[in-house]
Amino acid sequence: MSDEFYMTISIPTDDEGYILLLCEHCGTFFKATPSDIEDDGVLRIFCPSCGLTSENYFTEDVIDLALRMIKNTANDKLYAVFKKLERYNKRNNTIKFKVGKRIKHETEDPIRSGIEALEVANFPCCRRTAKIKPLLKMTGAYCPFCGVKNYEIE
Ligand SMILES: [Zn+2]
Ligand SMILES: [Zn+2]
């Protein structure tokens with residue numbers, strides 16, 4: 001048995017295939033499609049509201065889920081180790097040792113793709129789309145893919 005384990009966390013998209021992102025500078029939520037985010041032509045993602053780039057756009061939901069998954073996996077591993085010890089002890093009868101109930105898993109809720117009030121905006125500079133707050137469409141928004149400010153956004 002290896003001591004390492006790997007985990008994949010899938011971030012669900014909304015019905016139109018956008019995932020939720022959060023600017024760490026101004027707390028603005030926006031959405032973009034994974035294909036645009038992962039495109040080689042897109043080096044970094046800019047916040048449509050403040051125009052800055054964040055180190056990390058994952059929302060707390062995603063981080064929270066990751067931590068919970070790690071905890072659950074760790075608890076399972078510990079449980080398996082203690083069970084083994086228990087069996088060993090039964091055979092050798094050295095010390096009284098009984099493993100209690102398995103620790104209940106914390107729920108691993110699918111991350112809600114939430115914040116449905118965002119509207120699709122077309123950024124002609126990159127010919128890509130993102131979902132942003134309707135207010136930003138009126139005031140102008142930075143293109144999440146190149147950081148250029150667009151004023152007339154459809
Ligand atoms: Zn921002
Ligand atoms: Zn652009």
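Along the sequence shown, residues carry numbers from 1. We count ligands from 1, going down the list as the structure has it; atoms in each ligand are counted the same way.
Angle SG(C50) to the Zn ion (ligand 1) to SG(C23): 110° [nearest 10 degrees]. With the Zn ion (ligand 1) as the vertex, SG (C26) and SG (C47) define an angle of 110°, rounded to 10°. The angle that C125 SG and C126 SG make at the Zn ion (ligand 2), rounded to 10°, works out to 130°.
The closest side-chain heavy-atom distance from S49 to C23 is not below 4.5 Å.
When atom types are taken as modelled, the side chain of K137 and the backbone of V120 share a donor-acceptor pair closer than 3.5 angstrom. Using modelled atom types, one side-chain atom of N150 and one backbone atom of V148 make a donor-acceptor pair closer than 3.5 Å.
The existence of a salt bridge linking E16 and K31 is excluded, since no basic side-chain nitrogen approaches an acidic carboxylate oxygen closer than 4.0 Å.
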